[in-house]
Each structure stands twice: as C-alpha cells, then as structure tokens.
Amino acid sequence: MRKISQNIEDCSMNLQKKIPVEKIFINGLEDVFIAGWIQQVRNLGGLKFIQLQDRTGLVQIVLPKKKVTPEVFGIDYQEGDIIAVKGTIVENKSAPKGKEILPSEIVVLNKRAQEYPIAIGDKIETNIDKRLDYRFLDLRDRKVAQIFEIESAVAYAIQEYFMKNGYLQFFSPKIVGSATESGASVFEIEYFGKRAFLAQSPQFYKQMMLVAGFERVFEIGPVFRAEKHHTSRHLCEYTSIDFEISYIDNQRDVMNVLQGVIGYALQKVQKEKAQAFEELGASIDSQPKEWPILSIPECNAILLSEGKKLDLYEDLDAEAETIIGKHVKEKYKSDFVFVDQYPWDVRPFYTMKDDNDPRLTKSFDLLYKGQELTTGGQREHRIDILTQQAIEKDFKIEDVDSYLQFFRNGAPPHGGSGTGIERFVQKILNLPNIREARLLPRDPTRLHP
RNA sequence: GGGGCAGUAGUUUAGUUCGGUCGAUGAUCGUGGACUGUCACUCCAUGGACCCGGGUUCAAAUCCCGGCUGCCUCGCCA
C-alpha cells in the first residue's frame, strides 16, 4: 500500500479506467474505482468523511476506523489533495442520496503544497478579480465550472446546426494587414517590421468566401477590440459566432437563420445540460415560434409611450434596449426581439440601405433579455453603390480597395451576422458580469493569466 | 474616454462620520487538540491584516496630495 502511494507507476489502478462520479450509482455497480480532488474532510475522530469531487460531481467516501485498513484511515487527507479510491458502494440513510463509498484502497496521487488562495464554495464569495487570478482553482467550484460546461455545449450545438444545414466552417486570419472596418478600435502589432492588426471581426473574410462561391459559411473564433470600456458586458477579446449566406432577398432571411441557430442551441443545451441548469438555479423560458420584429420607427413609438424620446436616426442606448426588452417580454412572451432597419449613421459602410428611407438600413440588432446580442443584416453587394457608401463614410478608396476588389468580380446578394458567445452565455444564465462567462478575460487592465 | 465609490489577515468583513478608547471586530481559513453519521460538522486552544509613496499632527486604518488596483455606471459595441 505504501509503495503504491509513493509511486504511481507501480499502482495496480489503471487511472484512465476511473469511473466518473456521476455514473457510479447507476448500472447497479458494486465495486467502483474513482479519482478526483478532496473538496472537504469531516473528521469525527473514529469516523471520517471525505467529499471527493471530479469533473462530473461529488461523492462521499466514508472511513469508519473499524471498517477500513489502518493505512487508509491513517492518511492525513487535506482539501485539494488528488486521490484515487477503490471501494464498495454502501447504502446509508444519512449519506447524501443514501449512498457512499467504503474504500478498500486509497492512493494519494498528489498532496497539496499550500492552502487555496481563494475561497471555493458558498461560505465566502471571493471577488471576481481575485477569482480570475486563480481561475484554475475557481473552476473547482461546480457553479463556476458549469458555466463553461454550458458554453461548450452551446458552441457544439451551434456548430452542429450549421453543419447539418450545409454550411462550410472556415477559419480566417486573426493577424491582418489593414484595419479599415473600424479604425479606432484595433490592436496594432508588429509583424516582421510591418504594421499589422488583430482582427476586429471576420466580416471581410466571410464575404470573400461568398464571392468565392461557398454560399453558406460560418466561423466561431476570437475577435479583438481595443476599446477601453469598463462595463460588465464588454471584453477586449471575445469569441464571435459569425455566419454569412448568399442569395438572400433581404435581412429577414438572415433573421430566420439566426432564430434557427440560437433557438436550436438553447433547446439543446437546456436538454443536455439540465443538471448544470439545476445546480446553477437557472432555466430557459420557452420562446414564441416567431420572434418579434420591431423596426426602429416602431421602437421609437414604444419608447415614446414609455416616456423616452429618441431621435429616429439615432442608436438605441442601453436604457432603450432594456425598455424594448421588457416590452416584448410582456407583449410577446419573448426574450428575443429583432430591432430592424437600423439608422445608416450608426452602421458600417457595407450595410445595405433601406429601399424606402436611405437614412435607415437593411440591418438589425437581435436583443436578448434587453441587451444587444447580435448585429446582422444584408450587405451591399453592388460595387458602385458600395464604393459610394465608403466615400460617404469618409474612407479613402485606397484603404478599402482590397475589400472592394471582391465585388468587382460579381458578388451574390448576401448577408449575415455576428454574435458574442460570452454575451449569449451571460444572458442565458443571467450572470452579472461578462467576465463570469469568459474563461480568461482580457479587459483594458487584465492581461494575465 | 467620462462620472461615482472603494482598497484592512490566504479569503471575507467591522472600524474611517468626529484622528487618541485600535495593542484593529466577526466569519472563514491555517496550526494543535476532542469527537463513530457528518451534511461546506461541532467544540476547545492558537496563528495571521490597515494597497504603495509623500504630507499634516504630540498622535493617522481614520485627514490631505499623488500613484497603482478594483467595483459600479455612462458612452461604444458583440
């Protein structure tokens, strides 16, 4: 026994064959082999309890002095130690869920070298910035880990939806040579003596792929924004879910895809991560079949009735988004609303203008629970109009020329959208700060770890 | 980029109003001990802190100035 605990190589246990904690009480197992870290030891003298945690859950190991070997009983177990346990499932009324593990053998795979630098669990809530400094330990808290179990499932559901619907997944460069889309907000880097930038969006590459003939493309990847915003909903680096499709009649086709993919992801994650939602005390409300669409003029009318006056050609501010979100929740029982026909003044030059009012566009925002989740719309594919619009937005033609080049050779009518996955997860779980939904956030002051 | 508030043990929190009673509170945690059914146990003992720099003063956790850091908020966005 002692030899084993000192040398894993000699261990008779095959660690890769350990059983996930969530699976030990199903399938009528009698003997189990599990491994994880010690979440807590409760020592009652002649009786000890170890709460053992692995990725999938928590289980109680019971150590009655008279029923386990002196070796197993005598080990100085501490919170954070990594142990492997062979044992028998025993039933006991006072055990959690009525079942616990009586160990025949315990191997300490690694002892902790210090106490935790942050508090894990419900007793004390450590501040978010300190938790982020020690994110690897913060994630030992199931409530934190479940956020990323959900994010992982969301990402997978989205990929699955797109793949099933004939989209091409592609990967665009994140080091780019020009920063035309939104000059002020890019990070500048040095690239072998040349100026380069971190991609602020895959926008141009998505469109390039459509000109190439792929018709339906998507990418889930990092984007970078050099904005010194101090808010609970912005990051300097986040993960963008982007898609772009050809042969659309108008922005409604983009909305349909968006409702399809977001709706699918919600439905799937709710089903597959039911346990996580339960542990987090979160749930997803059912949504109407058709998500409401409100034009900017319609939104203005609603805002006016709520006592808030906004210029027709102005962007919705945070307060306005909240009001609209509340309105559609009450009226349509929907957490989602498309705000359509955004003003031209607040949209990029490649946005297609509205057919009837050139001060509006064929673009929209998708609001989720009163906050902007997605921006999308139809893009201008006609080279002469696109060129004109670039000039209108004060671009020098030579700066956008490589982009305009796509459209000189024929581009189909097209559109698409971009969604921040962290914001999506934040809103699904009603997290107070987007940093909770980003594993290792980058903001204007945080660069580590 | 603007505005507001804050920084006290490993974590968290009281104390700052009105400088002295602070040799700094409580919880959690660590260490030592007791306990055979705990439920992020209980009980006993014990350990550990005023963000950094300058200033005012007989005296600074407390007041002033600067810096750094954090939180909230607005703008902008996803």
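All values reported here derive from a predicted model rather than from experimental measurement. Order of the sequence lines fixes the chain letters, A, B, ..., with proteins taken first and strands second; residue numbering starts at 1 for each chain.
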Worksheet item: For the ring-ring contact (aromatic ring centres under 6.0 Å, His included) test, which of F218(A), F162(A), F214(A) pairs with F243(A)?
Response: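 Of F218(A), F162(A), F214(A), ring-ring contact (aromatic ring centres under 6.0 Å, His included) with F243(A) is met by F162(A) alone.
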Integer-rounded Å distance: [N] [atom2] and [X] [atom1]:
X: D443(A); N: C77(B); atom1: CG; atom2: C1'; value: 15 Å
X: R438(A); N: C77(B); atom1: CZ; atom2: P; value: 21 Å
X: H229(A); N: C74(B); atom1: NE2; atom2: P; value: 14 Å
X: Y134(A); N: C29(B); atom1: OH; atom2: P; value: 19 Å
X: R423(A); N: C76(B); atom1: CZ; atom2: P; value: 12 Å

Practice prompt. Look at all strands and tell whether D365(A) reaches a base, only sugar-phosphate, or nothing, counting heavy atoms closer than 4.0 Å.
Written response: nothing
Tell me the partner of [N], counting only Watson-Crick (N1-N3 plus N6-O4 or O6-N4) or G-U wobble (N1-O2 and O6-N3) with both under 3.5 Å; none if nothing fits.
N: A59(B); answer: none
N: U42(B); answer: A34(B)
N: A49(B); answer: none
N: G10(B); answer: U28(B)

For [N], does either OP1 or OP2 sit under 4.0 Å from a side-chain N or O belonging to [X]?
X: K65(A); N: U36(B); answer: no
X: T231(A); N: C72(B); answer: no
X: Q78(A); N: U31(B); answer: yes

Out of [options], which nucleotide sits closest to the side chain of [X]?
X: R233(A); options: C74(B), G30(B), U36(B); result: C74(B)
X: D315(A); options: A78(B), U36(B), C77(B); result: C77(B)
X: N43(A); options: U38(B), C76(B), C35(B); result: C35(B)
X: R112(A); options: U36(B), U31(B), U38(B); result: U31(B)
X: E321(A); options: G75(B), C77(B), U38(B); result: C77(B)

Worksheet item: Can you tell me if NZ on K65(A) sees more than 12 non-hydrogen neighbours from other groups inside 6.0 Å?
Response: no
Fill in: Whether over 12 other heavy atoms sit under 6.0 Å from K111(A) NZ
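Yes, because the 6.0 Å sphere around NZ of K111(A) holds more than 12 heavy atoms from other groups.
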Item to complete: Please work out which of the three classes, parallel, tilted or perpendicular, describes the rings of F349(A) and Y403(A), given edges at 30° and 60°.
Response: perpendicular
Worksheet item: So does D138(A) pair up with R135(A), basic N to acidic O under 4.0 Å?
Response: yes
Discussion item. I'd like to know if E244(A) pairs up with R379(A) as an ion pair, taking the criterion as any Lys NZ or Arg NE/NH1/NH2 lying under 4.0 Å from an Asp or Glu carboxylate oxygen.
Written reply: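 Between R379(A) and E244(A) there is a salt bridge, with a charged N closer than 4.0 Å to a carboxylate O.
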Look at the side chain of [X] against the base of [N] and say whether a donor-acceptor pair falls under 3.5 Å; ignore hydrogens and angles.
X: Q114(A); N: G30(B); answer: no
X: R42(A); N: C35(B); answer: no
X: H234(A); N: C77(B); answer: yes

Worksheet item: Who pairs with N92(A) by side chain to side chain donor-acceptor pair (under 3.5 Å), at least two apart in sequence or on another chain?
Response: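 N92(A): side chain to side chain donor-acceptor pair (under 3.5 Å) contacts with S94(A).
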Practice prompt. For N430(A), check side chain to side chain donor-acceptor pair (under 3.5 Å) against everything at least two apart and list the hits.
Written response: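 N430(A): side chain to side chain donor-acceptor pair (under 3.5 Å) contacts with K369(A).
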Fill in: Partners passing ring pair (Phe, Tyr, Trp, His ring centres under 6.0 Å) against Y205(A) (at least two apart in sequence or in another chain)
none
Worksheet item: Given the P atoms of U46(B) and G54(B), what is the spacing between them in whole Å?
Response: 37 Å
Practice prompt. For U16(B) versus G23(B), give the span between their P atoms, rounded off to a whole number of Å.
Written response: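 Looking at atom P only, U16(B) and G23(B) are 16 Å apart.
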Might you list the N or O atoms of the protein lying below 3.5 Å from N or O atoms in nucleotides 4-6 of chain B, with each pair's distance?
none

Worksheet item: How many angstroms lie between CG in L266(A) and CD in Q287(A), if you round to the nearest 0.5 Å?
Response: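 So the gap between those two atoms works out to 7.0 Å.
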Fill in: Spacing of L280(A) atom CG and K143(A) atom NZ [to the nearest 0.5 Å]
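The CG atom of L280(A) sits 7.0 Å away from the NZ atom of K143(A).
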Give each protein N/O atom lying under 3.5 Å from an N/O atom of nucleotides 10-14 of chain B, with the pair distance.
residue	atom	partner	partner atom	Å
G10(B)	O2'	P117(A)	O	2.7
U11(B)	OP1	K130(A)	NZ	3.3
U11(B)	O2'	T126(A)	OG1	3.0
U12(B)	OP1	N127(A)	N	2.8
U12(B)	OP1	N127(A)	ND2	3.2

Fill in: First encountered from the 5' end of RNA chain B, between V346(A) and R446(A)
R446(A)
Discussion item. Assess the residue pair T361(A) and D354(A) against the criterion (side-chain hydrogen bond (donor to acceptor under 3.5 Å, both in side chains)); give the C-alpha distance rounded to whole Å, side-chain angles, the decisive distance to 0.1 Å, and a yes or no.
Written reply: CA-CA 4 Å; T361(A) 65; D354(A) 189 77; over 6 Å; no
Response to the item:
Note: contacts of residues 257-270 of chain A with RNA chain B (heavy atom, under 4.0 Å) are none
